[in-house]
Amino acid sequence: MKPFRFGIIGAGKIAHEFCEAVRLAGFEVAAVSSKSPERAAAFAREENIPASFGDYAAMLDQTELDAVYIATTHNFHYENILLCLSRKMPVLCEKPMVCTKAEAEAVFAEAEKQGVFVMEAMWSRFLPQIQRAREWIEEGRIGQVELAHSVVAFRAEYDPESRLFNPELAGGAMWDVGVYAMELLTYLLGENPAEVQTMVSRAGSGADKSGAALMRFSNCLASAQTSVMTCTNEGITLGGTEGYIRLPHANTGSEAFLYNRQKELAEHFKEEYPNGFVWEVEETVRCVREGLLQSPVVPWEDTVWCAGVFDQALRK
């Protein structure tokens, strides 16, 4: 079988992590592109990538690729994905994949029309501790989940021109880390909620600095909180009729704790890993090779739902 070849659009920090993951998974990064030819060339030298381009379309037209990873800032994702789809190129796009529900629906309609695989790079869903927690829930280890709470936050220095706080770059807590808080909950609970209430607080730039969502699932009430201006205790707690699960630092950690009805520790899971992107890379390759248009781990409907929550929270 010939090597699977990725191209990269965007030559920032997260793209370096992706390159490492591709190599750990046994695949190849064949080309990188940036709006700056110099930046693309420097990235290619550092990562030992054979081709670099100062134009995204040129990379797609002049390189034999099997899929493209999009690592630009959020505001460019939509146009970058559509460019790839116009060349029938499979896409793995960094989270949040797009900023609005309308964009999500348009992307997936085009992907279906073209018969091309597209997936939001919700890498945390693939992590071992998340997978184990989902197994515990499915096995009934904590009974019926009744309450759930998710917090994903960090403290950044305020800079109105930075990626995190500049509205023109799609800055803000909901898009940057709120996507984790919500899409990890929906994955663990196995459904998207029927009802959502949201609110945000904003920084001086106008971008949201903190956000919250209250969700009603079929048998569970859940809350998600997120911030880029807060030092707090991160993690996910899932409370059931027969026990509860605690996932400290759910989107970056390596542990899961299972407690019984007496609140005694019943099981502790821990699995260290060198790079959390490896599993989403492997899933992309598997789906493309099998001719799938979407992944069962990150299906299109979940991305569309989350983008709808962005609309509700940020456009009031």
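Scope of the values below: all heavy atoms of this structure, side chains included, with no hydrogens, waters or symmetry mates.
Between Phe165 and Tyr158, the two ring planes are perpendicular [angle over 60°; tilted spans 30° to 60°]. Ring pair Tyr244/Tyr259 is parallel by interplanar angle, where below 30° counts as parallel and above 60° as perpendicular.
Under the 4.5 Å side-chain heavy-atom criterion for ILVMFWY residues, no single connected hydrophobic cluster contains both Leu247 and Val151. Linking Ile, Leu, Val, Met, Phe, Trp and Tyr residues whenever their side-chain heavy atoms come within less than 4.5 Å leaves Val68 and Leu292 in two separate clusters. Both Phe27 and Leu92 are members of a single hydrophobic cluster when ILVMFWY side chains are connected at heavy-atom separations under 4.5 Å. Taking hydrophobic clusters as Ile, Leu, Val, Met, Phe, Trp and Tyr residues chained together by side-chain heavy-atom distances below 4.5 Å, Val179 shares a cluster with Trp175. Residues Met89 and Tyr69 do not share a hydrophobic cluster, defined by chaining ILVMFWY side chains whose heavy atoms lie under 4.5 Å apart.
Considering every non-hydrogen atom in both Ala104 and Ala307, the closest pair reads CB-CB, 4.3 Å. Nearest heavy-atom pair across Ala51 and Ala44 is O-CB, 4.5 Å. The minimum heavy-atom distance between Ala30 and Leu65, with the atom names listed, is CB-CD2, 3.9 Å. In plain terms, the two heavy atoms of Ala67 and Thr284 that are nearest each other are CB-CG2, 4.4 Å. Scanning all heavy atoms of the two residues, the minimum distance from Phe117 to Cys287 falls at CE1-CB, 3.3 Å. The minimum heavy-atom distance between Gln129 and Gly253, with the atom names listed, is NE2-O, 2.7 Å.
Between the side chain of Ser162 and the backbone N or O of Asp159 there is at least one donor-acceptor pair closer than 3.5 Å. Panel note: side chain Thr63, backbone Leu60; no donor-acceptor pair is recorded below 3.5 Å. With Arg125 contributing its side chain and Val297 its backbone, the two residues share a donor-acceptor pair below 3.5 Å. Counting only distance, with no hydrogens or angles, the side chain of Thr230 and the backbone of Thr232 share no donor-acceptor pair below 3.5 Å. No donor-acceptor distance shorter than 3.5 angstrom exists from the side chain of Asp208 to the backbone of Ser210, with no hydrogens or angles considered. Not one N or O on the side chain of His268 forms a donor-acceptor pair closer than 3.5 Å with the backbone of Phe257. Here the side chain of Asn260 pairs no donor or acceptor atom with the backbone of Gly243 at under 3.5 angstrom. Side-chain N or O atoms of Arg216 include none that pairs as donor or acceptor with a backbone N or O of Val196 at under 3.5 Å. Not one N or O on the side chain of Asp302 forms a donor-acceptor pair closer than 3.5 Å with the backbone of Asn192. With hydrogens and angles disregarded, a donor-acceptor distance shorter than 3.5 Å links the side chain of Gln294 to the backbone of Trp300.
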Worksheet item: Would Glu64 and Lys2 count as a salt bridge (charged side-chain N to carboxylate O under 4.0 Å, His left out) if you check the C-alpha gap in whole Å, the side-chain angles of each, and the deciding distance to 0.1 Å?
Response: CA-CA 12 Å; Glu64 184 181 347; Lys2 70 173 185 176; 3.4 Å; yes

After noting the C-alpha distance and the side-chain angles of Glu271 and Ser254, does the key distance pass the side chain to side chain contact (heavy atoms under 4.5 Å, CB included) rule?
CA-CA 6 Å; Glu271 182 178 329; Ser254 60; 5.8 Å; no

Handout entry: Trace of the side chain to side chain contact (heavy atoms under 4.5 Å, CB included) decision for Glu94 with Ile70
Key = CA-CA 6 Å; Glu94 251 318 314; Ile70 294 174; over 6 Å; no

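Look at Lys101 and Glu103 and you find no salt bridge, because none of the NZ, NE, NH1 or NH2 atoms lies under 4.0 Å from a carboxylate O. Taking a cutoff of 4.0 Å between a charged side-chain nitrogen and a carboxylate oxygen, Glu183 and Lys95 do not qualify as a salt bridge. The residues Lys209 and Asp176 are annotated as not salt-bridged, no charged nitrogen and carboxylate oxygen being separated by less than 4.0 angstrom. A salt bridge is defined here as a Lys NZ or Arg NE, NH1 or NH2 lying under 4.0 Å from an Asp or Glu carboxylate O, and Glu290 with Arg286 meets this definition. With respect to Asp55 and Lys35, no salt bridge is recorded, no charged nitrogen being found less than 4.0 Å from a carboxylate O. A salt bridge is absent between Arg23 and Glu28; no separation between the charged side-chain nitrogens and carboxylate oxygens falls under 4.0 Å.
Leu147 contributes atom CG, which lies 6.5 Å from atom SG of Cys220 (distance to the nearest 0.5 angstrom). Separation of atoms CD1 (Ile236) and CG (Leu185) is listed at 5.0 Å; rounding is to 0.5 Å. The distance from the CD1 atom of Ile130 to the CZ atom of Arg134 is 11.0 Å, given to the nearest 0.5 Å. To the nearest 0.5 Å, atoms CG (Asn75) and CZ (Arg163) are separated by 10.5 Å. Lys88 contributes atom NZ, which lies 9.0 Å from atom NZ of Lys113 (distance to the nearest 0.5 angstrom). In this structure, CD on Glu135 lies 11.5 Å from CG on Leu188, to the nearest 0.5 angstrom.
Defined by atom type and a distance below 3.5 Å, a donor-acceptor pair is missing between the side-chain atoms of Asp311 and Thr100. Between the side chains of Glu283 and Ser295, a donor-acceptor pair is found at a separation under 3.5 Å. Side chains of Glu47 and His16: a donor on one and an acceptor on the other come within 3.5 Å. Side chain to side chain, Thr186 and Glu191 fail the donor-acceptor criterion of an N or O pair below 3.5 Å. A side-chain N or O of Gln131 and one of Tyr187 form a donor-acceptor pair less than 3.5 Å apart. Side-chain contact check for His149 and Thr237: no donor-acceptor pair (N or O, by modelled atom type) lies under 3.5 Å.
You'll find the side chain of Phe310 reaches within 4.5 Å of the side chain of Pro96, heavy atoms only. Between Phe108 and Met97, some side-chain heavy-atom pair lies under the 4.5 Å cut-off. Between Asn80 and Cys93, the closest side-chain pair of non-hydrogen atoms is not below 4.5 Å. Between Ile9 and Cys84, the closest side-chain pair of non-hydrogen atoms falls below 4.5 Å.
In the displayed structure, Arg289 atom CZ is contacted under 6.0 Å by more than 12 heavy atoms of other residues, nucleotides or ligands. Annotation: Glu138, atom CD; neighbour count of heavy atoms from other residues, nucleotides and ligands within 6.0 Å is above 12. Remark: Glu112 CD is loosely packed, at most 12 non-hydrogen atoms of other residues, nucleotides or ligands lying under 6.0 Å away. The environment of CD in Glu168 is sparse: at most 12 heavy-atom neighbours from other residues, nucleotides or ligands sit within 6.0 Å. Residue Arg261 qualifies as open at atom CZ: its count of foreign heavy atoms under 6.0 Å is 12 or below.
Of the residues Trp123, Phe6, Phe277, the one that meets the ring-ring contact (aromatic ring centres under 6.0 Å, His included) test with Phe18 is Phe6. Looking at Val298, Thr303, Leu85 one by one, the single match for side-chain contact (heavy atoms from CB on, under 4.5 Å) with Val118 turns out to be Leu85.
Under the side-chain contact (heavy atoms from CB on, under 4.5 Å) criterion, Ala15 pairs with Ile8, Phe43, Ala71, sequence neighbours left out. Judged as a side-chain contact (heavy atoms from CB on, under 4.5 Å), and not counting sequence neighbours, the contacts of Glu234 are Val152, His249, Asn251.
Ring to ring, Tyr273 and Trp279 are close: their centroids are under 6.0 angstrom apart.
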